[in-house]
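Encoded as structure tokens, the structure appears first; notes follow it.
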Amino acid sequence: MLVALLMLLPSWVVQAQEPDDGALHLSGDLATAVDSLIVAQGDSLTPNQNPQDTSRFKRVKVDLDHVVEFSAKDSIVMYGRKHATMYGTGKVMYGDIDMSAAQISMDMDSSQVHAIGVPDSVGELTGKPVFKDNSGEYESRIMKYNFKTKKGYITDIVTEQGEGYLTGGITKKTEDDAYYIKDGRYTTCDNHEHPHFYFQLTKAKVRPKKNVVTGPAYMVLEDLPLPIAVPFGYFPFSEKYQSGILMPTFGEDYSRGFYLRNGGYYFALSQYVDLALTGEIYTRGSWGISAQSSYARRYKYSGSFTINYLTTVDGEKGDPDYSKMHNFQVLWSHSQNAKANPYMTFSASVNFATTGYARNSLSTYYTNAFTENTKSSTVNLTYKIPDTKWSISSTASVSQRTADSTITVSFPNFTITMSQTAPFKRKRMVGDERWYEKIKVSYTGRFQNSLTAKQNEFLHKNLYKDWRNGMSHVVPVQATFNVMKYFNVTPSITMNDRMYTSKIRQQWDPNASAVVRDTTYGFYNVFDFNFSVGVSTKLYGFFKPLKILGKLSDKIQMIRHVITPTVSFSAAPDFGAPFWGYYGNYDYADANGDLQRVRYSYFAHTLYGNAPSGKSGTLSFSLANNLEAKVKSDNDSTGYKKVSLIESFNLSQSCNLAADSMKWSNLSTSILLRLTKGFNLNLSATWDVYKYALNSSGNPVRVNKLRLFNGGGWGRLASTGTSFSYTFNNDTFRRKDKKDKDKEAMDKKSARQRQADGEENPNDKDKDKDNSGQLTDLELDQYGYAKWDCPWSLTCNYSVSYGYGSFNYDKMEYNGKWTQNLSLNGNIRPTKNWAFSFSASYNFDTHKIAYMNCTVSRQMHCFEMSASFVPVGPYKSYNFHIAVKSSILQDVKYDKHSSYNNGVTWY
């Protein structure tokens with residue numbers, strides 16, 4: 001029969017071929033293939049046959065919509081005319097349906113396919129049936145499917161739906177691609193055989209890529225059924241952007257009771273903007289609502305907007321500790337793409353909240369917002385006029401101090417700016433630049449409206465009398481000339497104009513023995529100007545270290561010292577004279593009956609202040625220093641590199657020649673050192689040059705006695721300070737050997753370049769292979785042992801300042817006072833799944849830790865766990881959280897936390 005079959009193969013309708021993989025492939029109609037094996041008896045045609053039909057095969061039409069293609073790796077056995085069995089990775093394809101299994105049986109009479117897996121030598125089932133169609137992929141132990149009715153029967157199904165998996169049970173597939181499951185399991189754990197947790201489903205209906213609806217279900221954790229059950233379940237799946245219900249989360253708060261939070265409705269308004277309306281409610285009377293929206297337009301702008309309102313109830317009505325507070329928060333962030341408009345930019349960063357919001361919202365626990373003392377908000381619009389030097393900006397800003405609930409609002413603010421321009425410069429340059437062409441002018445105009453008040457008093461303030469407002473105009477004119485080749489001379493004149501709507505007059509009331517202030521409203525203009533001229537140059541000095549320094553002198557090629565001295569003189573008239581009308585006087589009798597005269601400013605309360613009082617003829621000196629060394633270096637192509645010894649060291653002081661006393665200003669110094677590649681030390685200081693004495697009232701005052709001529713040196717340190725931040729991590733104290741440097745150089749190459757060069761990624765050399773020959777994430781060291789990687793980091797923020805404290809009457813000097821602030825932030829990951837982080841601040845006045853927040857987290861296969869606690873300070877509290885990682889089961893969690901006001905006692 002095999003010989004006859006080989007002779008008949010060229011005339012088959014069904015084609016057979018053996019591809020490179022050794023599997024036998026057939027396509028077409030199984031009935032046609034079987035009928036073609038029946039050879040007509042006799043040499044002559046029967047009377048019923050068509051004389052013109054020379055074919056020796058009988059063709060039968062089968063009622064199928066598509067051609068059935070099937071193949072097997074080992075063999076295909078056909079029984080009769082309608083049945084075939086495929087062994088060894090059998091595969092059947094019918095339209096968009098693809099089925100594969102270790103053993104597949106086909107019956108064309110009933111259009112059914114039966115697929116099963118086979119056990120291997122150790123009894124493990126291999127080649128399990130896998131069914132694929134447009135709805136997804138399904139794996140099972142036994143599968144039956146009818147191509148004509150599109151119905152199927154499946155046992156022990158495994159299919160991925162959304163972020164989870166449906167496994168086990170008995171499943172029936174209907175013609176509308178719905179799956180009905182009995183005794184199934186739903187889990188987000190990808191260990192299908194033994195999931196760490198799952199929901200045991202009594203019955204369920206699955207609509208692929210749409211939803212899963214279940215009957216009664218209960219939770220099983222590590223094969224242990226838990227008393228956690230639901231009467232029904234609904235798991236929606238969607239690949240589309242659409243509106244829907246936001247399921248709330250539940251939990252318990254120590255002071256507010258059980259709660260439901262973040263439940264509401266999500267509105268998919270358009271492809272550019274969305275909206276989420278959520279709320280929260282507590283069993284002890286507290287509640288809150290929230291509206292969150294995000295918006296974006298590609299290449300134009302993006303942002304988000306949030307409004308939160310919270311009513312917090314503590315205690316029971318009638319109790320002495322009962323309180324009810326109302327708080328709200330407004331968050332807005334907006335940024336504009338640089339390509340959207342080259343002339344106009346709009347940005348917003350709003351973080352406004354009432355004083356008690358951060359202390360009463362669960363969302364701010366264990367965050368930096370919980371300890372913030374100040375908040376600021378800014379909205380800015382800037383427009384640059386095309387092809388000009390003019391720009392206009394408008395700003396609204398709000399700043400808050402939570403310590404005393406003070407709010408400062410500045411709105412509206414306008415700024416008009418003209419960048420520096422040379423009005424006398426010729427449009428067509430011919431010859432050398434003339435002296436007047438170097439004159440440059442700029443302009444800045446500002447309008448500001450501001451109010452500072454307590455939170456509960458803000459809305460009761462008078463718009464006309466309580467708000468401070470004013471306008472300012474600044475016009476600087478300057479030029480720079482080169483004199484004698486080495487000197488730069490810069491003359492300048494600056495004109496300032498201020499416009500106000502009020503001024504305050506003062507007079508002494510002898511009956512009340514107090515100053516009486518009278519505010520008048522109108523238009524008032526304050527004008528002043530000053531003239532200055534400065535001369536600067538540069539001096540260079542070079543020297544080589546002495547030979548006595550040994551190897552150091554050989555390594556240092558040269559040291560360069562650059563000195564930049566600057567001398568300037570500025571002058572201005574006395575704008576406190578009665579001619580200008582900016583200052584007033586009043587007389588009063590002191591305790592001894594002597595008449596005293598006091599000068600005061602009419603505009604001390606204004607935004608931009610008053611014109612300066614007193615003549616000014618100030619001679620200023622400054623000296624800037626820079627010290628660099630040129631040392632030998634093997635890493636530089638030139639063989640040398642420059643090292644900064646002192647990046648800058650500056651000194652400055654001035655003398656007012658027009659003053660009758662106290663002519664000298666304090667000495668100001670600053671130094672900048674580049675200690676390491678990522679750390680700079682910047683230190684500034686002020687030195688007091690005058691002595692102190694007591695006035696007639698016994699209070700310390702500065703007197704016209706220079707310390708230089710009274711045994712006190714050039715000056716006494718009056719104030720100084722610095723701050724720095726540095727991060728320590730695994731690489732801080734590790735020396736890189738040649739292997740590490742080569743590895744970094746290799747990492748800098750792009751993947752494309754390595755592929756083009758035929759090089760191997762060195763990171764892959766340290767990876768081990770498992771028994772299957774596949775790479776794992778296990779890294780080995782040079783001795784073949786597994787590497788223990790423990791990434792960590794510690795960030796230190798430290799600031800220190802020195803200033804005058806209390807006055808020492810014995811020494812007739814102020815005592816020094818140091819102020820220090822230290823904060824630490826660190827994290828460590830001892831293993832791949834364990835992590836610890838903390839943040840803390842230290843109070844040097846009380847010598848205690850002011851605040852500390854610690855968090856321990858553990859990443860498990862399909863769960864995550866974290867514990868946060870504040871062990872010290874007035875906000876001692878804790879929070880424990882364990883939940884399923886998948887967002888679709890975000891409500892499968894357990895939370896336990898306290899409140900900062902419940903008086904947690906740790907020790």
Side-chain angles (χ1 to χ4, degrees), residues 14 16-28 30 33 66-79 82-108 110-147 150-161 165-173 177 179 181-185 187 189-195 198 206 208 769-774:
V14 180
Q17 57 181 343
E18 186 170 354
D20 296 337
D21 59 2
L24 180 63
H25 293 255
L26 299 175
S27 65
L30 181 60
H66 303 281
V67 174
V68 179
E69 298 181 5
F70 51 93
S71 64
K73 186 174 183 180
D74 293 343
S75 61
I76 300 178
V77 178
M78 290 174 285
Y79 305 94
K82 305 291 185 179
H83 190 82
T85 302
M86 289 155 278
Y87 297 94
T89 317
K91 191 173 185 180
V92 178
M93 290 179 290
Y94 175 74
D96 57 1
I97 298 175
D98 187 345
M99 181 185 293
S100 61
Q103 182 176 324
I104 301 177
S105 299
M106 296 179 56
D107 188 346
M108 297 309 297
S110 59
S111 301
Q112 288 187 0
V113 177
H114 181 266
I116 60 173
V118 296
D120 59 8
S121 59
V122 295
E124 294 289 336
L125 196 64
T126 61
K128 295 181 180 180
V130 177
F131 178 85
K132 298 180 183 178
D133 62 1
N134 292 331
S135 63
E137 180 176 327
Y138 308 87
E139 181 183 336
S140 66
R141 183 179 296 271
I142 300 174
M143 184 178 297
K144 296 179 182 180
Y145 185 75
N146 190 302
F147 289 105
K150 296 184 179 180
K151 295 181 179 181
Y153 175 84
I154 308 170
T155 62
D156 296 330
I157 188 173
V158 177
T159 178
E160 182 177 1
Q161 296 294 325
Y165 300 90
L166 275 169
T167 63
I170 300 174
T171 306
K172 290 184 179 181
K173 179 184 179 301
D177 288 334
Y179 294 81
I181 302 176
K182 180 181 179 182
D183 297 329
R185 297 181 298 185
T187 180
C189 181
D190 57 5
N191 187 356
H192 308 316
E193 296 294 334
H194 299 286
Y198 59 87
V206 180
K769 293 185 178 181
D770 56 17
N771 296 331
S772 62
Q774 296 181 349

Qualifying residues under side chain to side chain donor-acceptor pair (under 3.5 Å), relative to [X], sequence neighbours excluded:
X: Tyr138; value: Ser135
X: Thr171; value: none
X: Asn191; value: none

In Å, rounded to the nearest 0.5 Å, how long is the span from [atom1] of [X] to [atom2] of [Y]?
X: His194; Y: Thr167; atom1: NE2; atom2: OG1; answer: 11.5 Å
X: Phe131; Y: Asp98; atom1: CZ; atom2: CG; answer: 9.0 Å
X: Asp107; Y: Gln112; atom1: CG; atom2: CD; answer: 7.0 Å
X: Thr155; Y: Arg141; atom1: OG1; atom2: CZ; answer: 7.0 Å
X: Lys172; Y: Ile181; atom1: NZ; atom2: CD1; answer: 13.0 Å

- Considering only heavy atoms from C-beta outward, does the side chain of Tyr179 approach that of Thr159 to under 4.5 Å? no
- Hey, are the side chains of Asp156 and Glu139 touching, using non-hydrogen atoms and a 4.5 Å cut-off? no
- Message: For a side-chain contact (heavy atoms from CB on, under 4.5 Å) check, start with the C-alpha distance between Lys132 and Asp96, then their side-chain angles and the critical distance, and finish with the verdict.
- Response: CA-CA 8 Å; Lys132 298 180 183 178; Asp96 57 1; over 6 Å; no
- salt bridge (charged side-chain N to carboxylate O under 4.0 Å, His left out): pairs with one or both residues in residues 120-131, sequence neighbours excluded: Lys128-Glu193
Going by the rule salt bridge (charged side-chain N to carboxylate O under 4.0 Å, His left out), which residues pair with [X] if we only count those two or more places apart in sequence or in a different chain?
X: Lys144; answer: none
X: Asp133; answer: none
X: Asp177; answer: Lys173

Closest heavy-atom pair and its distance - [X], [Y]:
X: Tyr145; Y: Met99; result: CB-CE, 3.7 Å
X: Ser75; Y: Ala72; result: O-CB, 3.4 Å
X: Val118; Y: Ala102; result: CG2-CB, 3.6 Å
X: Tyr198; Y: Thr187; result: CB-CB, 3.8 Å

Return the set of residues passing side chain to side chain contact (heavy atoms under 4.5 Å, CB included) with [X] (not counting sequence neighbours), or none when no residue passes.
X: Ile170; result: Tyr153
X: Ser100; result: Lys91, Val130
X: Ser140; result: Pro129, Met143, Ile154
X: Val92; result: Val68, Phe70, Met86, Ile104, Met106, Phe147

